[in-house]
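Notes to accompany the following structure.
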There are 2 protein chains.
Amino acid sequence: MVPQAPAATRPPDTETRPPDTEQRIFDAALTVFARKGRDGARLQEIADHAGINRALLHYYFRTKEQLYEAVFEHGCRQFMAGLSQSLRAEEGVEDSLRAFVYGYIDYIYEHQDMARLMLNECLCGGGVLERHLTAAIEAREEVPGLLLEDRLRAALGAGEIREVDLRHTLLTIVSACLFPFVALPTVRLFHSRAVEDFDRFLEERKAHIVDLLLAGLRPAEEVVRTEALA
Amino acid sequence: MVPQAPAATRPPDTETRPPDTEQRIFDAALTVFARKGRDGARLQEIADHAGINRALLHYYFRTKEQLYEAVFEHGCRQFMAGLSQSLRAEEGVEDSLRAFVYGYIDYIYEHQDMARLMLNECLCGGGVLERHLTAAIEAREEVPGLLLEDRLRAALGAGEIREVDLRHTLLTIVSACLFPFVALPTVRLFHSRAVEDFDRFLEERKAHIVDLLLAGLRPAEEVVRTEALA
DNA sequence: CCTCGCGTTATCCAAATCGTTTAACAGTCT
DNA sequence: AGACTGTTAAACGATTTGGATAACGCGAGG
């Protein structure tokens, strides 16, 4: 009889010293799946990355399919939760936007593999990703970005920003933050800074996005004032 | 002795009726490689997509590696050439930006698989993509976007746009145009329009990007004028 | 102390699948 | 008829997956 996932029996949290093998498998699988994709990934490579025997993968997760599902489910939930938690709520629109961009880029930087895994899912249909995301949405879990959308909507109602399509604006913000990570090899060719000092490149990027967006959303009140004076 | 790629002997263009098998293989391989990646793609699936026998793949391209290389090389060159050709040169900054965004999105729409294939390459290191791109750049081939960068630089020098980092601005534009395609399954969840009527969604997107960018780049001359009047 | 259970490894196995090769077949051209 | 080309069916070897087995180390508990 093959024992079921031992995680179910570990909650008593014995005094043993298993150096968190399950987490190491998660990390290794995430890395390999993100690069090679669901089908391209080899169990042997995952086992090597985790520094364990291949048979142990079957001990924790019976099949490759279940491993992928677990990695995606676990990673997705943790990713979304951690992300929405790291995005502090601010009062004003300007501060909200700045906090989002800075928090988003910082978070993605720390979870690049998860971002790549999600994108990989998108490339091959996105069935699994869609399922998990809709489940997260229906479960009323906090979806990052919706908070910012609310802020923008309020600001738009108050005339603090121009009349723009909020959904498209939000998509543009996310694109500007996320795309450089997933397209890094291409970005490097045109952005020497991203090669020499990636951290500094990201700081420049944050400032640029906030600057461009704030300028793009600012209401053209000066024009009105000018016309009023004319 | 296995015959070399018959394309080399076909230039006499015999009166035979081979319904362009090579092109069908290219298209099928592009589709499958873009979704499953270099390792994840199966020759059987490519053959099925092309409606041919698996052995015929080896008749045209000796190995899977060479097939991938050929698809990438051929597709990449054709993609870049066609793209830079479809981006008409305009005089003013505003028209240049508009032409770029509209042309870029239209072109990507017609070549989504190639875009996805390139991104897939990025996800697994980007070695092949980097090699082909640097080769294209060194060969002085026209790289899409550089023309727009020149226009923006000139406009910046003439004070027609705000003082911004051109490289980051260009990256933001490309991100805003490209990301929705590669992340489509996710976008669909938040953008109902992208599900119901993708074409109309793209039209909205073009208009939004141009609008936001023009507003974000417009110099705050009204403020100056206002101050001058004061 | 011994024994048991659990995490772990080494090893092996059957079945499926993959990439590749070979031989043969059906046309067309000479 | 013979040669050549595009194509297919079949087969080969290597790899991958899922699964099983036995054994080892080691802490917990009797």
Side-chain angles (χ1 to χ4, degrees), chain A residues 1-29 32-33 35-71 124, chain B residues 1-29 31-33 35-72 124:
Chain A
M1 188 82 52
V2 177
Q4 200 58 10
T9 54
R10 207 190 310 150
D13 206 355
T14 62
E15 200 56 32
T16 71
R17 182 131 297 278
D20 219 352
T21 304
E22 196 171 350
Q23 188 58 42
R24 291 229 315 281
I25 295 180
F26 266 118
D27 295 340
V32 177
F33 276 130
R35 278 160 182 69
K36 303 299 185 63
R38 176 188 213 132
D39 297 326
R42 299 287 112 117
L43 291 182
Q44 185 62 58
E45 195 177 349
I46 296 177
D48 291 344
H49 251 78
I52 59 167
N53 194 285
R54 210 177 85 247
L56 204 56
L57 288 180
H58 291 94
Y59 180 77
Y60 278 89
F61 313 88
R62 291 182 58 82
T63 71
K64 185 185 183 181
E65 201 70 20
Q66 290 185 36
L67 171 61
Y68 183 82
E69 206 74 29
V71 167
C124 60
Chain B
M1 190 79 54
V2 177
Q4 199 58 8
T9 55
R10 208 196 303 151
D13 204 355
T14 63
E15 201 56 30
T16 70
R17 181 131 299 277
D20 219 353
T21 306
E22 195 172 348
Q23 188 58 43
R24 291 229 314 281
I25 294 180
F26 263 116
D27 295 340
T31 301
V32 177
F33 276 131
R35 278 160 181 69
K36 303 299 186 63
R38 175 187 216 134
D39 297 326
R42 301 288 111 117
L43 289 184
Q44 184 61 59
E45 196 176 349
I46 296 178
D48 291 343
H49 252 77
I52 59 167
N53 192 284
R54 217 170 69 246
L56 203 57
L57 290 178
H58 293 89
Y59 178 78
Y60 281 90
F61 312 87
R62 293 180 57 83
T63 70
K64 183 185 184 182
E65 201 68 21
Q66 290 185 38
L67 170 61
Y68 183 82
E69 206 73 30
V71 167
F72 205 94
C124 60

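The shown structure was predicted, so the numbers you read here are calculated from the model rather than taken from an experiment. Per chain, numbering begins at 1; letters A, B, ... match sequence-line order.
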How many Å lie between [atom1] on [X] and [atom2] on [N], as a whole number?
{"X": "A/Leu67", "N": "D/dG18", "atom1": "CG", "atom2": "C1'", "result": "13 Å"}
{"X": "A/Gln66", "N": "D/dT17", "atom1": "CD", "atom2": "P", "result": "15 Å"}
{"X": "A/His58", "N": "C/dG7", "atom1": "NE2", "atom2": "C1'", "result": "17 Å"}
{"X": "B/Asn53", "N": "C/dC25", "atom1": "CG", "atom2": "C1'", "result": "13 Å"}
{"X": "B/Ile25", "N": "C/dG19", "atom1": "CD1", "atom2": "P", "result": "14 Å"}
{"X": "A/Lys64", "N": "D/dT17", "atom1": "NZ", "atom2": "P", "result": "5 Å"}
{"X": "B/Tyr59", "N": "D/dG6", "atom1": "OH", "atom2": "C1'", "result": "6 Å"}
{"X": "B/Glu45", "N": "C/dT17", "atom1": "CD", "atom2": "C1'", "result": "13 Å"}

Is the shortest side-chain N/O distance from [X] to OP1 or OP2 of [N] below 4.0 Å?
{"X": "A/Arg42", "N": "D/dT17", "value": "yes"}
{"X": "B/Tyr60", "N": "D/dG6", "value": "no"}
{"X": "A/Thr63", "N": "D/dT17", "value": "no"}

Query raised in the report: Quick one: does B/Arg54's side chain have a donor or acceptor within less than 3.5 Å of a partner on B/Gln44's backbone?
Result: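 No.
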
Report task. Look at all strands and tell whether A/Leu43 reaches a base, only sugar-phosphate, or nothing, counting heavy atoms closer than 4.0 Å. Result ->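 Here A/Leu43 touches the backbone only, sparing every base.
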
Query raised in the report: NA contact type, A/Ile52, heavy-atom cut-off 4.0 Å: base, sugar-phosphate, or nothing?
Result: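 Since only primed, P, OP1 and OP2 atoms lie under 4.0 Å of A/Ile52, the category is sugar-phosphate.
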
Query raised in the report: Which comes earlier along DNA chain D counting from the 5' end, the contact point of A/Ala55 or that of A/Ala41, where each point is its nearest nucleotide?
Result: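 With A/Ala55 and A/Ala41 compared, the 5'-side residue is A/Ala41.
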
Query - Side chain B/Arg54 and base D/dT8 donor-acceptor under 3.5 Å - result: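 Result: no qualifying N/O pair found.
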
Query raised in the report: Should B/Glu22 and B/Phe61 count as side-chain neighbours, where that means a heavy-atom distance under 4.5 Å?
Result: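 A side-chain contact exists here, since the closest heavy-atom pair is under 4.5 Å.
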
**Report entry** Within-4.5 Å side-chain heavy-atom neighbours: B/His58 and B/Leu43
**Finding:**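 In contact.
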
Query raised in the report: Nearest heavy-atom pair of A/Ile25 and A/Tyr60: which atoms, and what distance?
Result: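 Looking at all heavy atoms of both residues, the shortest contact is CD1-CD1, 3.8 Å.
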
Query - A/Arg38 to A/Phe33 - nearest heavy-atom pair and separation - result: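 Nearest pair, atom of A/Arg38 first, then A/Phe33: O-CE2, 3.7 Å.
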
